[in-house]
There are 2 protein chains.
Amino acid sequence: MTATTPDPGQDFDRARCSVAGTLAVVGEKWSLLVLREAFLGVRRFADLQRALGAPRAVLTDRLNRLVAEGLLVRVPYRAPGERERHEYRLTDRGRDLHPALVALMQWGDRWLAGDGAPPLALTHRDCGAPVSLGLRCAAGHDVGGPREVTATPTGRPAETPDTPAG
Amino acid sequence: MTATTPDPGQDFDRARCSVAGTLAVVGEKWSLLVLREAFLGVRRFADLQRALGAPRAVLTDRLNRLVAEGLLVRVPYRAPGERERHEYRLTDRGRDLHPALVALMQWGDRWLAGDGAPPLALTHRDCGAPVSLGLRCAAGHDVGGPREVTATPTGRPAETPDTPAG
DNA sequence: GCGGCGTGGTTCGTCAACCGAACCCAGCGT
DNA sequence: ACGCTGGGTTCGGTTGACGAACCACGCCGC
């Protein structure tokens, strides 16, 4: 993201873009909200339906989709004195979307009716301090904002402007 | 996100959830892709349309929406020898979605046809090292994953189990 | 072994969103 | 005057979301 170069959009193949790819998986309505509930520990169809208020048909479809994509697994289980049920649990693949959810949440906390306290506070379990998401480079520097990031399309290795070798 | 507590979803008001709120703003189809292009430096309607391949009517609608929501501004300008045009530029509010885009991108890089190099590489402009997004707590600890995060609905102030002061 | 109930769906009709293609207008260059 | 380009709007058709109703399974009480 965040072109410092004049326009990396020229020869960058959008069809392969990871943002588009990810949105193709979780970009439909309700998908990310289903995952939010999953992170909150909600696992059963009825609970999801109650929590989200989504139409049952849509919820069925999204769950099937997320299972098919490997973000959730359907796990059968049986509570004592009840018949077998199944619940939806996050996989590693699904769990790895956590930062994306947190990023969306932080934006909402900051910019939407943001005078009061955010509806949901995240704290580090080990120390109780609030957690937040940030960019850092491999050398350990905190990256302040988009302006400090250079986006380079791969395939052409940085397009070195002083050695226009071709 | 990420309940360590048994079920914070019980009394958590979904209608106020920041994830839902954010998705209400940028959750429609194409919105986040428009923002991705904005971060890449694409500013003009025709360029956006070419890059995205979105229907023009939808693109018009998304741009108007993003302007109305204050994520983009329409800036008139005039190139030499051309008539006046206007371009769409990120505001602070829009720029602040950068982490969300990066999070989605990183997920795609990792999980979608992830054998080769990611289509777009992000590096720190000052030092050239690759950048990545991560959770950290205010005490400076790196947070490994969702499991290390506790989500607490506000309104009830953490439900402190050792000092049940009420 | 029959009816009721809760979970987990599916089906159906309606209504909104998205789509591609065509059309339109303003202003520049010729 | 004419065509070209940028930036839209309009239009019919298709897909998707919605809410309400319906269905199947299996536990429970009777």
Considering only side-chain heavy atoms of B:Val58, which listed nucleotide, D:dG7, C:dG8, C:dC18, is closest?
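Closest nucleotide among those given: C:dC18.
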Nearest listed nucleotide, side chain of A:Pro55, among C:dG9, D:dG8, D:dC18
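Side chain of A:Pro55 sits closest to D:dC18.
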Please tell me if the side chains of [X] and [Y] come closer than 4.5 Å, counting only heavy atoms from C-beta onward.
X: A:Leu33; Y: B:Val19; answer: yes
X: A:Thr123; Y: A:Val131; answer: no
X: B:Leu120; Y: B:Met105; answer: yes

For a quick test of reading the model: is some side-chain N or O of [X] closer than 4.0 Å to OP1 or OP2 of [N]?
X: B:Tyr77; N: D:dG6; value: no
X: B:Lys29; N: C:dC19; value: yes
X: A:Tyr88; N: C:dG9; value: yes
X: B:His86; N: D:dG6; value: no
X: A:Trp30; N: D:dC18; value: yes
X: A:Arg62; N: D:dA17; value: yes

Does a side-chain N-to-carboxylate-O contact under 4.0 Å join A:Arg136 and B:Asp142?
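Result for this pair is yes, salt bridge flagged.
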Categorize B:Ala46 for me: base, sugar-phosphate, or nothing, with a 4.0 angstrom heavy-atom threshold over every strand shown.
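Sugar-phosphate: the residue B:Ala46, judged by heavy atoms under 4.0 Å, touches backbone atoms but no base.
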How many Å lie between [atom1] on [X] and [atom2] on [N], as a whole number?
X: A:Arg44; N: C:dG9; atom1: CZ; atom2: P; answer: 12 Å
X: A:Leu59; N: D:dC18; atom1: CG; atom2: P; answer: 11 Å
X: A:Leu48; N: C:dT7; atom1: CG; atom2: C1'; answer: 13 Å
X: A:Leu63; N: C:dT7; atom1: CG; atom2: P; answer: 16 Å
X: A:Glu28; N: C:dA17; atom1: CD; atom2: P; answer: 16 Å
X: B:Gln49; N: D:dT9; atom1: CD; atom2: P; answer: 13 Å
X: B:Arg65; N: C:dA17; atom1: CZ; atom2: P; answer: 10 Å
X: A:Asp47; N: C:dG8; atom1: CG; atom2: C1'; answer: 12 Å

Could you tell me whether the side chains of B:Arg44 and B:Tyr77 share a donor-acceptor contact shorter than 3.5 Å?
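The answer is yes; a qualifying pair exists.
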Comparing B:Asp61 and B:Arg50 on DNA chain D - which has the more 5′ nearest nucleotide
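The 5'-side residue here is B:Arg50.
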Does the C:dG8 base have a donor-acceptor partner in the side chain of A:Arg56 within less than 3.5 Å?
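Indeed there is one.
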